[in-house]
Amino acid sequence: MKIATFNINGINRRLPNLMAWLADAAPDVVCLQELKATDRQFPATALADAGYGAVWRGESSWNGVAILARGMEPILTRDELPGNPDDKQARYIEAAVNGVLIACLYAPNGNPRPGPKFDYKMAWTERLIAHAAELWATDLPVALVGDYNIVPEPRDIYETTSYRDNALVQPESRALFARLLVQGWTDAIRAKHPDETIYTFWDYMRNRWPRNAGLRLDHLLLSHDLARKLKASGVDRDVRAAPGASDHAPAWMELRV
DNA sequence: ATGTCGTATCGCATACGA
């Protein structure tokens, strides 16, 4: 079972890129972020024609998350992160696919820092940690997959000072990600590539893709029993090089499930 | 401050978020 995460940065604008990658990589499950589409604008028919069932939670202009499943319909379990009923941003969706509980998340970017956006990032990710603890305690096979908007360690970003004040690399941000790992979750990319430099995002600005000035922001975390079934993981970098690409590349893992 | 995108809008240019 191949599970991928892809911050698509506008699903309708990016539909040809998405379709080409789906045909090429044939993932069984895909977690999408930054749909930038309302529920009505979600291209469900085109995805069904490509062989994918889907659940989604859209929003006008910003955010938006979806879970795709090849040859089946994901069974929706949640479409919001618990802990703040006033939070209307479409950043979390959860569904069961083939016996695995898939959590698809799009954590807040948090810039500029300091400020209300950074506070929201902290509060949202705290809610994620609380919900992750509950999921861990169920002993179900769970994958927490998505754009965490956190660079876990200094080696997960190219050599630079231009991100020094950025929310993505702050010690407070990194501490939140570390607390998830302390719960027991396995970082599927790191587990299979302990010493490699791996990025999933390259900003559009300043030639950062051609310079390979990237960041690792998209993560796939596995519960205890799923971690033992991890076969392989990687990043489809070629997708970032295509015309009209998202600023993120898909990250994926292969499970013996 | 800037760079580059995508989106929305009292639109052919600007603001905002990333």
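Chain naming here is simple, since letters A, B, ... match the order of the sequence lines and numbering starts at 1 in each.
- Sequence neighbours left out, the pairs with a member in residues 123-142 of chain A that pass salt bridge (Lys or Arg N to Asp or Glu O under 4.0 Å) are A:D87-A:R127, A:E126-A:R179.
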Show which side-chain atoms of residues 147-155 of chain A pair as donor or acceptor with protein atoms under 3.5 Å away, not counting sequence neighbours.
residue: A:D147; atom: OD1; partner: A:N149; partner atom: N; Å: 2.9
residue: A:D147; atom: OD2; partner: A:N7; partner atom: ND2; Å: 3.0
residue: A:Y148; atom: OH; partner: A:L144; partner atom: O; Å: 2.9
residue: A:N149; atom: ND2; partner: A:A107; partner atom: O; Å: 2.8
residue: A:E153; atom: OE2; partner: A:R155; partner atom: NE; Å: 3.3
residue: A:E153; atom: OE2; partner: A:R155; partner atom: NH2; Å: 3.1
residue: A:R155; atom: NH1; partner: A:P194; partner atom: O; Å: 2.7

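- The aromatic rings of A:Y92 and A:H131 sit perpendicular to each other, their planes meeting at more than 60°, with 30° as the lower class boundary.
- Here ring pair (Phe, Tyr, Trp, His ring centres under 6.0 Å) pairs that include residues 53-76 of chain A, with residues two or more places apart or in two chains, are A:F42-A:W56.
- The list of salt bridge (Lys or Arg N to Asp or Glu O under 4.0 Å) pairs with a residue in residues 182-201 of chain A, not counting sequence neighbours, reads A:D156-A:R190, A:D187-A:R216.
- Rounded to the nearest Å, the gap between the C1' atom of B:dT9 and that of B:dG3 is 24 Å.
- Sequence neighbours left out, the pairs with a member in residues 17-30 of chain A that pass salt bridge (Lys or Arg N to Asp or Glu O under 4.0 Å) are A:D28-A:R70.
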Less than 3.5 Å apart, which donor and acceptor atoms pair up between the side chains of residues 250-257 of chain A and the rest of the protein, not counting sequence neighbours?
residue: A:W252; atom: NE1; partner: A:D236; partner atom: OD1; Å: 3.0

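- Less than 4.0 Å separates DNA chain B from no heavy atom of any residue of residues 159-174 of chain A.
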(request) Spell out protein contact along nucleotides 5-18 of chain B as letters: B when the base is contacted, S when just the sugar-phosphate is, - when no protein heavy atom is under 4.0 Å; keep the 5' to 3' order. (result) SBSS-------BSS
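- Comparing the P positions of B:dC5 and B:dA1 gives an interatomic distance of 22 Å, to the nearest angstrom.
- Every residue meeting the side-chain hydrogen bond (donor to acceptor under 3.5 Å, both in side chains) condition with A:T160, not counting sequence neighbours, appears here in chain and number order: A:S162.
- If you take atom C1' in B:dG11 and the same atom in B:dG6, they sit 16 Å apart, rounded to whole Å.
- With both ends at atom P, the span from B:dC10 to B:dC16 equals 14 Å, rounded to whole Å.
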